[in-house]
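Remarks on the structure that follows.
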Amino acid sequence: MADKLRKQQELERLQAKYIGTGHPDTTSWEWKTNIHRDTFSSIVGHPSLLSYLALAQNEPAIKVRAQLIRKMMQPAGPPPMREDDAGFEGGGGVE
Amino acid sequence: MATTSNMFMYSLTIQPPTTITQALLGQFSGTKEQQIITASGSRLTLLQPDPRAGKVNTILSHDIFGIIRALATFRLAGSHKDYIIIASDSGRIAIVEYLPKTNKFSRIHLETFGKSAVRRVVPGQYLAADPKGRACLIASLEKNKLVYVLNRNAQAELTISSPLEAHKHGVLVLSLVALDVGYSNPVFAALEIDYSDADQDPTGQAGQEVEAQLVYYELDLGLNHVVRKWSDAVDPTSSLLFQVPGGNDGPSGVLVCGEENVTYRHSNQEAFRVPIPRRRGATEDPQRKRTIVSGVMHKLKGSAGAFFFLLQTDDGDLFKVTLDMVEDADGNPTGDVQRLKIKYFDTIPIAISLCILKSGFLFAACEFGNHSLYQFEKLGDDDEELEFTSEEFPTDPRAAYHPVYFHPRPLENLVLVESVDSMNPLVDCKVANLTGEDAPQIYSVCGNSARSTFRMLKHGLEVSEIVASELPGTPSAVWTTKLTKHDEYDAYIVLSFTNATLVLSIGETVEEVEESGFLTTVPTLAVQQMGEEGLIQVHPKGIRHIVQGRVNEWPAPQHRSIVAAATNENQVVIALSSGEIVYFEMDADGALAEYDEKKEMSGTVTSLSLGKVPEGLRRSSFLAVGCDDCTVRILSLDPASTLEMKSIQALTAAPSSLSIMAMEDSFGGTTLYLHIGLHSGVYLRTVLDEVTGELTDTRQKFLGPKPTKLFQVSVQGQPCVLALNTRPWLGYTDPLAKGFVMTPLSYVDLDFGWNFSSEQCLEGMVGIHSNFLRIFTVEKLGDNMIQKSIPLTYTPKKLVKHPDQPYFYTIESDNNTLPPELRQQLLAQNSTNGDAVTLPPAEFGYPKARGRWASCISIVDPLGEEPSVLQRIDLDNNEAAVSAAIVSFASQDGENFLIVGTGKDMVLNPRQFSEGYIHVYRFHEDGRDLEFIHKTKIEEPPMALVPFQGRLLVGIGKMLRIYDLGLKQLLRKAQADVAPQLIVSLSTQGNRIVVGDVQQGVTYVVYKPEGNKLLPFADDTVNRWTTCTTLVDYESVAGGDKFGNIWILRCPERASIESDEPGSEIQLVHAKNYLHGAPNRVSLMAHFYTQDLPTSITKTNLVVGGQDVLLWSGLQGTVGVFIPFVSREDVDFFQSLESHLRAEDPPLGGRDHLIYRGYYVPVKGVIDGDLCERFSLLPNDKKQMIAGELDRSVREIERKISVCFLASPFPT
């Protein structure tokens, strides 16, 4: 029992430290939101990727960067209703 | 996955990235001089602006082998030196100091705080240092913030504390700055969005109402912890913060920049808000709101509290923003802000960073295209521009207000001083030899929008010509000489003709000198200033020593003549036609004394060299003698062993020219070199041992088919060797890399050259080109790529070369830009009022319009007298060109056609369009003109076009299709669904087609002519977001992806053979799919992370007779090569050298080199040449140590590295 508890605590610690660490009840929305947030933050963090997007969109990189960070807020739409755990269609495609 | 491979490549960067991701100003040398530190890709570069010359010079460039994400500078109280903090992808914070003495960066601190690589919650995205240098904050995009306290210990050394945490879950950071609070507790301001509520609200309402917060984090130095001190909601569109001076200089606080507003905020002040003026003009959308994209704050010297901001909008317009303070009863400013003011300043290209120098310059590190240096003419204080103040506008971001307008105008306050070449973004590149030189040139398209260019890159040094004057005859040689030892400048130019000598004086005008004392009826072999005020002329019949008008003549022995001579300030050596060598030395009275013995050589002497007299000595102790028996001998000139032979070296051909020179070496000292030019055109460089006279470490290079002539010249105070062949070359020590390089000069071929120094031209060269005398200088060493650029119209997308003619075709398109026909319409409508002025788009950009595309095709003539765009074809109908190819259709007797793929009404993300087309153009006048023939409507914009067996192969979405040319449109011949998502690249050989997918790697497809079928037979195991591919051989493909990797994949041999077997069609059609893919999988041969995003890759040959290399170009302006290794032994050597260098010279930013190069996939089959080249920059003891471990000498290792370089395009 103590072993199980320790494992549980360890997992919780990881989840607190590293956002996006999964758990058995991860919903599709959580997973999608997390993946999108990771993607956007990666594009923002790699200068060459960001300027690639900026060049294609013909916008300054700073503006594209702010847009991407704002998209991180709700990349897959609002969370689904508690009762209704059915599939959820997310928006926000990644180029 | 095994990291070893049976294919090995040597990766080398020919041109480092020219982008700048951040530029900061500081006094890094510890002197008053301001320098600029920039981050470009993985390189940390120190720039030194030269206010007098109006130039920016690179002092140091250091590859940190990591992605530099942010930089900050700070200065400890009482110190005069700025330190640099680097936030990279290493999960560590590095503090670096510049050491001006050794010209190196040295790391002082390296603290680990998290995982490596660019991650959402690992700090590194944002970095801010307290203006008083007491603390710094490093933050991630989400959640984590760490504060390090910076201090000094008793030894005045910098110390760094363990990190203090200021994490908050569910918070995204948009911008972060340090507040200027004087000496109170350090405060950092962050612009944040909190999504934790939105994540819990299924109705989506909380997500709609999310506000941007301005949050202050205070570091309590007494309690040593960080608190969230204050936060307040700001305009939800805000995205950028700027620090406002505090303490004695101002009110402190921040400027918060959002959509069409700049707001002043501080915890104890009112908010003040001004709108960003919109552009007024016929073609401008009056409803479009601007945002601030960059800016700079500058404190004026002298008056406390005087400062201003220059903020730049997304149009490139600079606005001057100032703050007014409330005045007390005596008219003195108090600490309270009264109003915020904004007015138009000037318009410059969009910058990433702006730096205002104390000397009155503005350095703009531009986002795309050339960086520029401006000089301030005035500060826009009393001009007629309208000023808008915060009093007229509400502070509530939701309140209504009237937008304000201004008229953009050409520069008034700034003057452009210098434009620093930058190829960022480099979109496409081709290698071709159009000029017929020995090395091919690189042709590329770069830049964006109206600042895009077509650039020709050539290996060579830029030469500026000062004089080119015609002479009466064709001289065979030229010298310059001073008259006395103490003269600063040269006084005479001596020209030798076949039977005469001409002496010219250097001055205001060049005139013939009558009474020079020179014998003018004979040709001359050497001229030298000797002793205090003597001159020596060596001619075939003797030596003439002229001292103050008196002439002493030493006649050559009877029936013999002088064939070669070498001189320096104290010594003269001549070789007689009989093969004897006669040696003279200047004695104490200034007379020339002959050494009593003559040395007889075995063959005819072809060349001699003495070398300069080393400082403090009386003579050069070696004489090099080249004989026509293909040898070079080193004779001693020491009094004890005069003319004794020290060493001998056999050569492949007779030497035509010799030069002994002491040159700077990579050990930090100087080494004596013997440079040898051969009759066969080969140039050799050997090290001449200063004690024993031994010749060791020979390196060679073929310069051209003529005999090579060598001369010692001086450039930038450095002794260099000028080597003349079919074109002139300059051998010098690279000022940054410290290695010896031999670079061609971009100049006419010369027959003879010599140093030249006069009042007007301190360090020049004089040369003879047929019957012309030319005086020229080389101004910049180290920058050995010459760029020529031609302006284009819109952002280039592709570059194609005419298969036979020297013309290039570019397709260009700009998103959200008003196309020319609409521009004309709007201008015509508004011609009555005064708004119809068109400003040059290169500075002011094109007018924007959402959803519109401006696109064109240009014909570029890079070789014409005036390299230019010959013709431009604008696309109408909101079509934009996306792909291009030149196809020779077999059905039209092999006639070439330009094929351009376009898309109509395209939206980039998520991908949308209404139609796709393929345009066909016919060439006229050998390709100088294009005629539109027809266009074919297709389902999607075609992203890839390629000629295929006399027909056209098109990638349309997932579909691969073959077209033939018809009269009215293209005719569909064969098609197949082969790619999972979207075809972006195609390369073919024979019946094989390699298809690159935008996300899913490459697929090998075979075309079966019997059944007219396209059948995929092998695909990839990894999702590679392909950007470019090229076939390396029939089985292998090299390509690059969006994440900055370059890889080589190979199809299994059996699958490859089977696919081409006749009749294998049925087998392939019915082959069993393997794991939802093609029946076979390709295997990985090589993989390498380059940091830059590869935009093109080609297999090409860069030296005549050299091996094929892979040349790639990167978006940030990088050009690199991959050179295949021939022997396994070399691979082993370089692998162990790499591992030693990783240990002895760990990357500055703290990133592990091996992990960096294996960022996404472990590095495989590639040696990092950039790392190996760092060997020559190591201190001597480390070099010795590594050499010892590798069981080789240091020279041997350096030679090996440079030999590898030899195989590469532009060898030393």
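These numbers were taken from a predicted model, which means no experiment stands behind them. Residue numbering restarts at 1 for every chain, and letters A, B, ... go by the order of the sequence lines.
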Given a strict heavy-atom distance threshold of 4.5 Å, which part of Y1159(B) is in contact with chain A: side chain, backbone, both, or neither?
-> side chain
Chi angles and distances behind the side-chain hydrogen bond (donor to acceptor under 3.5 Å, both in side chains) call for T817(B), N58(A) | CA-CA 9 Å; T817(B) 300; N58(A) 199 18; 3.1 Å; yes
Check whether any side-chain heavy atom of Y52(A) sits under 4.5 Å from a side-chain heavy atom of K1042(B), and report yes or no.
-> yes
Which portion of V173(B) sits near chain A, non-hydrogen atoms under 4.5 angstrom = backbone
Check whether V121(B) gets within reach of chain A through its side chain, its backbone, both or neither, counting any heavy atom under 4.5 Å.
-> side chain
Side chain / backbone / both / neither for Q200(B) at chain A, heavy atoms under 4.5 Å | both
Who pairs with E259(B) by side-chain contact (heavy atoms from CB on, under 4.5 Å), at least two apart in sequence or on another chain?
-> T237(B), K289(B), T291(B)
Turns out that what part of Y126(B) lies under 4.5 Å from chain A's heavy atoms comes down to side chain
Measure the spacing between CG of L53(A) and CG of N909(B) and express it to the nearest 0.5 Å.
-> 8.0 Å
Heavy-atom donor-acceptor pair, R65(A) side chain to L174(B) backbone, under 3.5 Å = yes
Over all heavy atoms of both residues, which pair between D199(B) and M73(A) is shortest? Give the atoms and the distance, please.
-> OD1-O, 4.3 Å
Reported CG-to-CG distance for the pair L50(A) and L1093(B), which is rounded to 0.5 angstrom = 11.5 Å
Note, L55(A) side chain near V427(B) side chain (heavy atom, < 4.5 Å) | yes
Who among A54(A), G45(A), A61(A) has the most heavy-atom pairs with chain B under 4.5 Å?
-> G45(A)
Measure the shortest side-chain to side-chain distance between P47(A) and Q1116(B) over non-hydrogen atoms and say whether it is less than 4.5 angstrom.
-> yes
When every non-hydrogen atom of S51(A) is compared with those of L1115(B), the smallest separation belongs to OG-CD2, 3.6 Å
Work out which heavy atom in D1092(B) is nearest to a heavy atom in S48(A); give both atom names and the distance.
-> OD1-CB, 4.1 Å
Where do P79(A) and A198(B) come nearest, in terms of heavy atoms and distance?
-> CD-O, 3.5 Å
Which portion of R37(A) sits near chain B, non-hydrogen atoms under 4.5 angstrom = both
Listed partners of S422(B) passing side-chain contact (heavy atoms from CB on, under 4.5 Å), at least two apart | T18(B), N370(B), H371(B), N424(B)
Please flag which part of P236(B) lies under 4.5 Å from any non-hydrogen atom of chain A: side chain, backbone, both or neither.
-> backbone
Please round to the nearest 0.5 Å and tell me the distance separating atom CG of D314(B) and atom NZ of K63(A).
-> 4.0 Å
What part of H169(B) gets closer than 4.5 Å to chain A, counting heavy atoms only: side chain, backbone, both or neither?
-> side chain
Rounded to the nearest 0.5 Å, how far does CZ of F1043(B) lie from NE2 of H46(A)?
-> 8.5 Å
What part of T1027(B) lies closer than 4.5 angstrom to a heavy atom of chain A: side chain, backbone, both or neither?
-> side chain
Ranked by heavy-atom pairs below 4.5 Å to chain A, first place among L172(B), T19(B), N448(B) goes to L172(B)
From D38(A) CG over to E142(B) CD, what is the distance, rounded to the nearest 0.5 angstrom?
-> 8.5 Å
Pairs of heavy atoms under 4.5 Å with chain A: top-ranked of V210(B), I68(B), T795(B) = V210(B)
Might you point out which heavy atoms bring P78(A) and P202(B) nearest each other, and give the distance in Å?
-> CB-O, 3.7 Å
L141(B) versus chain A, the contacting section by heavy-atom distance below 4.5 Å = side chain
Minimal non-hydrogen separation, N816(B) against E59(A), with atom names = ND2-OE2, 4.2 Å
Answer yes or no for R120(B) and Y18(A): cation-pi contact, defined as NZ/CZ to six-membered ring centre under 6.0 Å and angle to ring axis within 45°.
-> no
